[in-house]
Amino acid sequence: RLMPDGRSNPRSATEAITWARALIGATVLPDGTPQSGHCLRYVTLAYGHTSGYLYAHMVWDAAPAGIRHPGDWNPPPGAVVVWSNAGGLGGGAGHIAISIGGGEMLTTSGTTVQIMPIRNNGYVPDSNYYGWMPPLVTA
């Protein structure tokens with residue numbers, strides 16, 4: 001089980017991945033938001049929420065330390081992978097994506113929603129990687 005006791009999302013990890021995969025190639029999210037620069041919106045919608053944190057790094061910052069897996073490059077499917085806001089990444093917002101296992105993620109990196117490697121992806125620096133955690137994307 002991915003989520004901590006007492007917490008859940010409207011969509012399970014499997015359902016969120018299915019929803020997110022259906023958007024591969026999209027430039028606009030179903031709610032009309034452009035995908036570029038809106039990684040957290042993509043992840044929040046994938047898990048069935050309509051609102052959540054303002055910036056991607058806040059998901060990591062707000063999570064209890066006991067559920068975070070810092071520096072771990074092998075997240076299970078459905079976990080969220082998070083990068084810091086160091087160096088102005090994402091305008092200081094950080095980056096977040098959904099792990100699909102096997103070292104890959106569903107992400108809004110670049111011009112469309114796509115699958116990319118978590119490590120050495122050319123979009124977010126490995127040095128800014130926080131790690132992975134359960135998809136606790138709302139307060």
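Since this is a predicted model, take the numbers as computed values, not measurements.
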Inter-residue atom distance [X].[atom1] - [Y].[atom2], 0.5 Å rounding:
| X | Y | atom1 | atom2 | result |
| --- | --- | --- | --- | --- |
| D5 | I67 | CG | CD1 | 11.0 Å |
| T112 | I24 | OG1 | CD1 | 9.0 Å |
| M133 | M3 | CE | CE | 8.0 Å |
| T138 | H49 | OG1 | NE2 | 4.0 Å |
| I118 | N74 | CD1 | CG | 8.0 Å |

Can a donor-acceptor pair be found, under 3.5 Å and without considering hydrogens, that links the side chain of [X] to the backbone of [Y]?
| X | Y | value |
| --- | --- | --- |
| R11 | A46 | yes |
| N9 | L136 | no |
| N128 | P125 | no |
| R7 | P134 | no |
| D126 | N120 | yes |

Just wondering, do [Y] and [X] contact through their side chains at under 4.5 Å, heavy atoms?
| X | Y | result |
| --- | --- | --- |
| Q35 | V28 | no |
| S109 | N121 | no |
| H57 | W83 | no |
| H38 | T108 | no |
| L106 | R21 | yes |
| V81 | Y129 | yes |
| Y42 | L29 | yes |
| D31 | R41 | yes |

Could you tell me which non-hydrogen atom of [X] sits nearest to which non-hydrogen atom of [Y], and how far apart they are?
| X | Y | value |
| --- | --- | --- |
| G94 | A56 | C-CB, 3.9 Å |
| L54 | L40 | C-CD2, 4.0 Å |
| P76 | L2 | CG-CD1, 3.9 Å |

Exercise. Could you go through the ring pair (Phe, Tyr, Trp, His ring centres under 6.0 Å) check for W19 and Y47 one step at a time?
Key: CA-CA 8 Å; W19 183 93; Y47 276 96; 9.5 Å; no

Non-neighbouring partners of [X] that pass ring-ring contact (aromatic ring centres under 6.0 Å, His included), sequence neighbours left out:
| X | value |
| --- | --- |
| Y130 | W60 |
| Y53 | none |
| H69 | W132 |

Self-check item: side chain to side chain contact (heavy atoms under 4.5 Å, CB included) partner of I17, the single match among S99, P77, S12
Solution: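 Exactly one candidate clears the test, P77.
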
Quiz item: Is it true that the side chains of S84 and H95 contain a donor and an acceptor less than 3.5 Å apart?
Solution: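 No pair is found: no donor N or O on one side chain lies under 3.5 Å from an acceptor on the other.
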
